[in-house]
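First the structure, in the form of structure tokens, and then the observations on it.
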Amino acid sequence: MALHTQPRPIVGIDIGGTLMKMVLEDGTDAHNRHPLVSFIRNQSQQADTSLLPAGWRRTTFSRPVEGSSKQQFWALLIPTADIEQMMAAVEAQGPATGGRLRVAATGGGVLKHKGDLERRLGVDLAVVKELPATAHGLLIDSSQGAGTQLLLCNIGTGISLATMDAQGEVERISGSGIGGTTFWALVKRLTKFTSFDQALVAGFQSGEASKADTLVEDIYGRETSKEIGLPPDLVAGFLGKLDREDLSDADVAAALLRMLVSNVGQLAVFQARLLKVDTVWFTGGFVQSVGSQDHGGVDATEIAQQAVTEAVSFWSAGAVHARFPPNAALLGAMGAIHIAP
């Protein structure tokens with residue numbers, strides 16, 4: 001882990017292609033009254049989520065940090081497209097009176113927005129690489145501790161698979177451009193759903209993926225499928241029946257979810273076998289819908305995680321297990337705080 005020549009930041013940000021994650025770690029730093037700190041704390045403690053802008057989510061939680069007692073975290077997730085709105089809201093709180101704030105930053109969008117963030121918010125960004133930040137965030141969030149090899153599969157805009165060895169070194173080993181953005185873009189194009197959670201919940205509650213996917217039995221017939229040793233309900237071609245007129249939006253959402261997690265599960269299991277590990281840690285905004293709205297008692301996070309778990313079990317015949325840290329979407333921002341140079 002990096003040695004700090006300056007006081008460790010108390011704010012970490014992770015700017016992805018779809019979401020910007022902001023995490024405040026409580027401390028005694030004088031910058032606790034910086035407008036950005038106040039903004040994150042106030043928004044994350046907003047009791048009435050209807051007062052938050054559309055698509056914004058918040059949460060608070062605590063975790064043991066570096067052998068200390070539990071540390072409090074405040075977190076805010078906003079659509080990356082709303083970064084201008086966020087900066088304007090922070091500016092509206094007035095100028096920073098205690099000096100500039102050092103902020104740990106990671107994610108693919110950091111360099112794109114670095115100049116505006118530093119100039120308008122009165123901050124200095126300490127930029128760290130995304131996968132090391134995510135891996136170190138996993139150690140904090142899961143209380144794993146260093147010293148064992150970990151396999152991570154981060155599902156964000158795309159998919160990245162990385163290992164962390166016993167010495168804490170992180171290496172990206174594989175990935176795919178078919179990720180969370182693929183799912184959401186197709187949902188928006190093919191259905192009338194207006195939110196990620198809405199699509200997941202509807203697909204789970206009333207969707208039938210088999211109506212949209214071409215199955216083995218659609219090609220061979222049910223009995224012949226059995227004779228050739230393939231399950232009749234095995235997917236032969238994802239979205240192969242998308243031109244059916246009786247498909248519902250929920251059917252399409254269910255099929256899109258199955259297509260994505262099948263791809264994720266296959267990649268993760270392949271790498272787990274190569275590394276001879278039996279556990280894959282799944283991270284990223286796709287597997288944790290932070291602060292989502294209530295959908296009649298149905299949790300979008302549980303739907304996504306269950307779908308990934310089933311895909312991993314299918315491709316590994318139960319030999320590889322999927323695990324999910326409690327704050328899977330926030331690991332990059334959390335870890336960045338602790339490894340910022």
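Counting from 1, the numbers follow the sequence of the chain as shown. Because the structure is predicted, anything quoted here is derived from the model rather than measured.
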Begin from the C-alpha positions of Glu310 and Arg258 and carry the test salt bridge (charged side-chain N to carboxylate O under 4.0 Å, His left out) through to its verdict.
CA-CA 10 Å; Glu310 290 175 356; Arg258 179 157 70 173; over 6 Å; no

Would you indicate whether the side-chain heavy atoms of [Y] and [X] approach each other to under 4.5 Å?
X      : Y      : answer
Leu76  : Phe39  : yes
Ser44  : Thr60  : yes
Pro231 : Val216 : no
His338 : Arg8   : yes

More than 12 heavy atoms of other residues, nucleotides or ligands under 6.0 Å from [atom1] of [X]: yes or no?
X      : atom1 : answer
Lys241 : NZ    : yes
Arg244 : CZ    : yes
Phe204 : CZ    : no

Rounded to the nearest 0.5 Å, how far does [atom2] of [Y] lie from [atom1] of [X]?
X      : Y      : atom1 : atom2 : result
Met334 : Gln71  : CE    : CD    : 10.5 Å
Leu125 : Leu101 : CG    : CG    : 9.5 Å
Leu150 : Leu139 : CG    : CG    : 6.0 Å

With the threshold set at 4.0 Å, does a side-chain nitrogen-carboxylate oxygen contact exist between [X] and [Y]?
X      : Y      : answer
Arg57  : Asp197 : yes
Asp246 : Lys211 : no
Arg222 : Glu227 : no

Strictly distance-based, threshold 3.5 Å: is any side-chain N or O of [X] a donor or acceptor partner for the main-chain N or O of [Y]?
X      : Y      : value
Thr182 : Gly179 : yes
Asn327 : Leu330 : no
Asn42  : Ser38  : yes
Asp299 : Thr301 : yes
Thr106 : Val128 : yes

If hydrophobic residues (ILVMFWY) are linked whenever their side-chain heavy atoms come closer than 4.5 Å, directly or via other members, who joins Phe270 in its cluster?
Leu274

List the steps and the verdict of side chain to side chain contact (heavy atoms under 4.5 Å, CB included) for Cys153 and Leu267.
CA-CA 9 Å; Cys153 181; Leu267 286 171; over 6 Å; no

When you look at Val235 and Phe238, which way does the side chain to side chain contact (heavy atoms under 4.5 Å, CB included) test go after all the steps?
CA-CA 7 Å; Val235 178; Phe238 292 107; 3.7 Å; yes

Are Leu77 and Leu51 joined in one hydrophobic group, where the rule is that I, L, V, M, F, W and Y side chains link up if heavy atoms are under 4.5 Å apart?
no

For the residue pair Thr181 / Thr18, report whether a side-chain donor-acceptor contact shorter than 3.5 Å exists.
yes

Exercise: do Asp251 and Ser248 side chains pair donor with acceptor under 3.5 Å
yes

Check the orientation of Phe73 and Phe61. Use parallel for under 30°, tilted for 30 to 60°, and perpendicular for over 60°.
parallel

